[in-house]
Amino acid sequence: MKEIKNFQFDGIDAKTEWKIGLILAVPALAVFFLVMYIGELYLPKSSFLYPVLLASFLTIIVSILILKLLSTTIKDKKWNINVDESMLEITYKNEKKLIPLKDIRSIKNLGNVGFRYLTITTPDENIRMRVGNTGFVPFSTQKDLEIIDAFVDYLNPFLEENFNKKELKNKLNTQVFPHYGVYVVKSEKIKYSMINRLKPWQIMIIFLCGGFLLLIVLFTQLEKYW
C-alpha cells in the first residue's frame with residue numbers, strides 16, 4: 001500500500017446508533033401496549049397470544065418506518081478514509097483521526113448481507129462504523145456497502161501479514177461477505193468469551209428457552225391486568 005487510497009461512504013457511528021435506539025424505544029413501546037389495549041378492548045374473549053403477535057408485528061413495522069424517517073434527519077453521514085502504507089486518516093462529522101497502522105490492535109468486520117459493523121480498535125479508542133441498507137439499518141446504499149468492503153479488501157494484505165483471525169465458533173456462516181470476521185494483531189493472544197465457545201445450536205437453544213420463559217412471565221403478569 002504505497003499510494004494514498006481514498007474511500008467515502010455513508011453510515012453512522014455507534015454513538016448515533018445508540019441515540020436512535022433510545023429515541024425509537026418510546027414510540028415502539030407505545031405502539032405495542034396500545035395495540036394490546038385495543039385488542040383486549042374489542043376482542044376480550046380472544047386468546048391472549050393473538051394481541052401479542054399483532055402488537056409485535058405492528059411494532060416492527062412502525063419501528064422500521066420511524067427508522068427510515070430518522071435516517072433522513074441525519075445531516076452528516078459521510079465517512080472519509082485515506083489510507084497509505086503506514087496511516088489511516090478517518091474523518092467523520094468534521095472530526096479527523098490519524099491512526100498509525102502499527103497501533104491497530106484488532107479489526108472486527110461483522111454484520112450480514114445488508115449491513116456492516118466495522119470496528120477498528122487501538123490502545124486509545126474504538127472507531128465503530130455502521131453501514132447498511134436494511135430495514136433496521138437504513139443509513140446507506142448498496143454502493144456504500146461495496147465501498148466499505150473495498151476498504152477492508154484494500155487492507156487485507158496488511159491484515160494477513162500482521163493479524164490472526166479469530167475462530168467464530170458461534171456463527172452459522174462466516175462467509176457472509178468478503179473478509180468477514182475478527183482480526184487480532186499477532187502480538188496479542190486471542191481471547192474467547194463464554195459465548196464465543198458455544199456452537200450455533202447451543203446459542204439457539206439458550207435464546208429459545210429464554211424467549212419461552214419471557215413469554216411465560218409476560219403472559220402471567222399481563223393477564224392480571226387484562
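Salt bridge Asp10/Lys78: present, at least one basic N to carboxylate O contact under 4.0 Å. Using a 4.0 Å cut-off between a side-chain N of Lys or Arg and a carboxylate O of Asp or Glu, Glu89 and Lys97 do not qualify as a salt bridge. In summary, Lys165 and Glu167 do not engage in a salt bridge, as defined by a charged side-chain N under 4.0 Å from a carboxylate O.
In summary, the aromatic rings of Phe151 and Phe9 are positioned with their centroids too far apart to meet the 6.0 Å limit.
With Asp144 contributing its side chain and Thr141 its backbone, the two residues share a donor-acceptor pair below 3.5 Å. Of the possible polar contacts, one joining the Asp84 side chain to the Ser86 backbone as a donor-acceptor pair under 3.5 Å is found.
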Taking it one step at a time, do Phe7 and Ile148 satisfy side chain to side chain contact (heavy atoms under 4.5 Å, CB included)? CA-CA 7 Å; Phe7 300 89; Ile148 195 171; over 6 Å; no
For a side chain to side chain contact (heavy atoms under 4.5 Å, CB included) check, start with the C-alpha distance between Arg105 and Ser187, then their side-chain angles and the critical distance, and finish with the verdict. CA-CA 9 Å; Arg105 313 323 296 164; Ser187 60; 3.0 Å; yes
Would Lys77 and Ser71 count as a side chain to side chain donor-acceptor pair (under 3.5 Å) if you check the C-alpha gap in whole Å, the side-chain angles of each, and the deciding distance to 0.1 Å? CA-CA 9 Å; Lys77 297 188 290 184; Ser71 70; 5.2 Å; no
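Residue pairs that meet the ring pair (Phe, Tyr, Trp, His ring centres under 6.0 Å) test with at least one member in residues 100-138, sequence neighbours left out, are Phe115-Tyr117.
Ile81 and Tyr154 end up in the same hydrophobic cluster when Ile, Leu, Val, Met, Phe, Trp and Tyr side chains are linked at under 4.5 Å.
Atom-to-atom distance recorded for Trp79:CH2 and Ser140:OG is 11.0 Å, nearest 0.5 angstrom.
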